[in-house]
There are 2 protein chains.
Amino acid sequence: MPESRASRDEVRVAVSTVIVALRPHPRTGTSVLWLPLVRRTREPFAGRWALPGGWVPADEGLAAAAARNLFETTRLQPAYLEQLYAFGDVGRSPTGRVVSIVYWALVRAEQADAASEGENVRWVMADELPELAFDHNRIVEYALWRLRTKMEYSRIAHAFLGETFTLTELRHVHEAVLGRPLDPANFRRSIESSPAIVRTDERVTGGRHRPPRLYRYNTAIELADNGPLGTP
Amino acid sequence: MPESRASRDEVRVAVSTVIVALRPHPRTGTSVLWLPLVRRTREPFAGRWALPGGWVPADEGLAAAAARNLFETTRLQPAYLEQLYAFGDVGRSPTGRVVSIVYWALVRAEQADAASEGENVRWVMADELPELAFDHNRIVEYALWRLRTKMEYSRIAHAFLGETFTLTELRHVHEAVLGRPLDPANFRRSIESSPAIVRTDERVTGGRHRPPRLYRYNTAIELADNGPLGTP
DNA sequence: CTCTGTTCTGGTTATCCTGACCTTTACTGA
DNA sequence: TCAGTAAAGGTCAGGATAACCAGAACAGAG
């Protein structure tokens, strides 16, 4: 939520985005969830960390406004963007009534590494969040819950990976999101029975082990069932 | 969406509600989904049917505004109210930019029967909708999809029934929502294995058959997993 | 060249869940 | 007393899942 233009009898509309990336834990090295925060430069909550966002102009769609604000503050262009929830309690902002349409985005690890991290943008681990401005802690909590439940029936893991990937890479994404280890053999079976992911003939050599095959998403199949809205 | 107060550079916030009730089909007699529509009295779309709704005042929460608008236009007080989606495309309304926070509500059959149905409020079957104002057909379509997918893991069927109910009544609710018949024996097993619904010792006599037992929801258990927001 | 550690890959088994179907029970109304 | 109806409970096969085991294929050390 950006600067305030307080006024009575007016409901202002903002967009905020919860962005999630997969990066290694600094100590254990296992992949965990990270998200970028921006430092607020104005009141209210000046100096506090918050989710990237801004006001919605009259001539721009909600998703477009979320993506634009995200790019302007962090230079990130997410591989996945989905509406999460509209937060509109009366007391959310001390400077007037604000309804925030919150979006939820995933970025690939390469993008996250290349993203500008300066004075006012910082990546933090999802389970080590500081106290955020407004009700943003609650928003992040809800976003992570949605991520965990959605992973099961959708192909959102795709957003974290490149065009091709090994089964172990894909399994690491699932493990990071779900927070528990998965059996490699069973995971392989569940993926190979799904038409959304196809095996290629390519292999990856160079590791001290049997070379794994590369897989890719089957773009012809749309498995994620988001209902009549397509990608709501 | 109510009357327009067109102005440039301003994003107005409205709430609309998709309300669903279970009532018998006029010919077949089986229970199907119905929803109440209100006739628009002003431009744009004057004379067309639309979802009940209105503007959000600065001092009222989103869910509260949805419930109040719903009561004022239809006298309905839903047993269940949940946020569905925020629709905010630029061209939704011909009279300026409007972001509609759409809620989704269920009412019991008794309430639906007692509801005022006059010149400007009419109940229609979900699969025989007329052409609605704005993008409301698309909104209803999405709401019904959510209802069908959510029925599986939640206790929302409760909203359609009273305190106690027989398994057949509960099964009829599920059948109406899913649109297909369910095996009574298997349905019984799935319900009895769930801790959310408990069997009482009461029976219902009067039918020309073995008297069924009454069941009730276990209020101590919160099975519906709506995440950290509780009832988002 | 052989050995070893690692991960990939495929297979087996027990278990749970689901759907389809059948039988018995218990009531009302003719 | 009988017929009709729906409740209630049981069986059984098939599919999905989880846990576990074993061989295959590489890189690097010695």
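Each chain gets a letter, A, B and so on, in the order the sequences are listed, and its residues count up from 1.
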Q. In whole Å, what is the span from the CG atom of Leu167(A) to the C1' atom of dT7(C)?
A. 12 Å
Q | Ring geometry between Tyr142(A) and Trp145(A) (parallel below 30°, tilted from 30 to 60°, perpendicular above 60°) | A | parallel
Q. Please give, in whole Å, the distance from dG9(D) P to Phe187(B) CZ?
A. 15 Å
Q | Nucleotide nearest Pro184(A) when distance is taken to its side chain, options dG10(C), dG9(D), dT9(C) | A | dT9(C)
Q. What is the distance from CD1 of Ile191(B) to P of dA8(D), rounded to the nearest Å?
A. 13 Å
Q | pair Asn69(A)-Thr17(A): side-chain heavy atoms closer than 4.5 Å | A | no
Q: Mind checking side-chain hydrogen bond (donor to acceptor under 3.5 Å, both in side chains) for Arg68(A) and listing every partner two or more places apart, or none if nothing turns up?
A: Glu60(A), Glu72(A)
Q | Rounded interatomic separation in angstrom, taking CD from Glu175(B) and P from dG19(C) | A | 13 Å
**Q.** Test salt bridge (Lys or Arg N to Asp or Glu O under 4.0 Å) applied to Arg171(A) - qualifying residues, sequence neighbours left out
**A.** Glu175(A)
Pairs under 3.5 angstrom, nitrogen or oxygen only, protein versus nucleotides 23-30 of chain C, please.
unit_1  : atom_1 : unit_2    : atom_2 : d
dT25(C) : O4'    : Arg210(B) : NH1    : 3.4
dT25(C) : O2     : Arg210(B) : NH1    : 3.2
dA26(C) : N3     : Arg210(B) : N      : 3.2
dC27(C) : O2     : His209(B) : N      : 3.3
dT28(C) : O4'    : Gly207(B) : O      : 3.3

Grab the N/O contacts between the protein and nucleotides 15-18 of chain D below 3.5 Å, and write none if there aren't any.
none

Q: Using atom CZ of Arg171(B) as one end and atom P of dA8(D) as the other, report the distance to the nearest whole Å.
A: 11 Å
Q | All salt bridge (Lys or Arg N to Asp or Glu O under 4.0 Å) counterparts of Glu163(B), not counting sequence neighbours | A | none
Q: Taking salt bridge (Lys or Arg N to Asp or Glu O under 4.0 Å) as the test, write out the residues that go with Arg199(B), two or more places apart.
A: Glu192(B)
Q: Dump the intermediate steps for salt bridge (charged side-chain N to carboxylate O under 4.0 Å, His left out) on Glu131(B) and Arg48(B), then the final yes or no.
A: CA-CA 8 Å; Glu131(B) 199 175 334; Arg48(B) 283 270 268 282; 3.7 Å; yes
Q.
Whole angstroms only, please: what is the CG-P distance between Leu182(B) and dA20(C)?
A. 10 Å
Q. Rounded to the nearest Å, what distance is computed from the CG atom of residue Asp183(A) to the C1' atom of nucleotide dC21(D)?
A. 11 Å
Q) Just by distance, with hydrogens left out, do Arg92(A) and Ser100(A) show a side-chain donor and acceptor under 3.5 Å apart? A) yes
Q. Given side chains that start at C-beta, do those of Asp127(B) and Val32(B) come closer than 4.5 Å, heavy atoms only?
A. no
Q: Would you mind reading off the distance between Asp201(A) atom CG and dT9(C) atom C1', rounded to a whole angstrom?
A: 16 Å
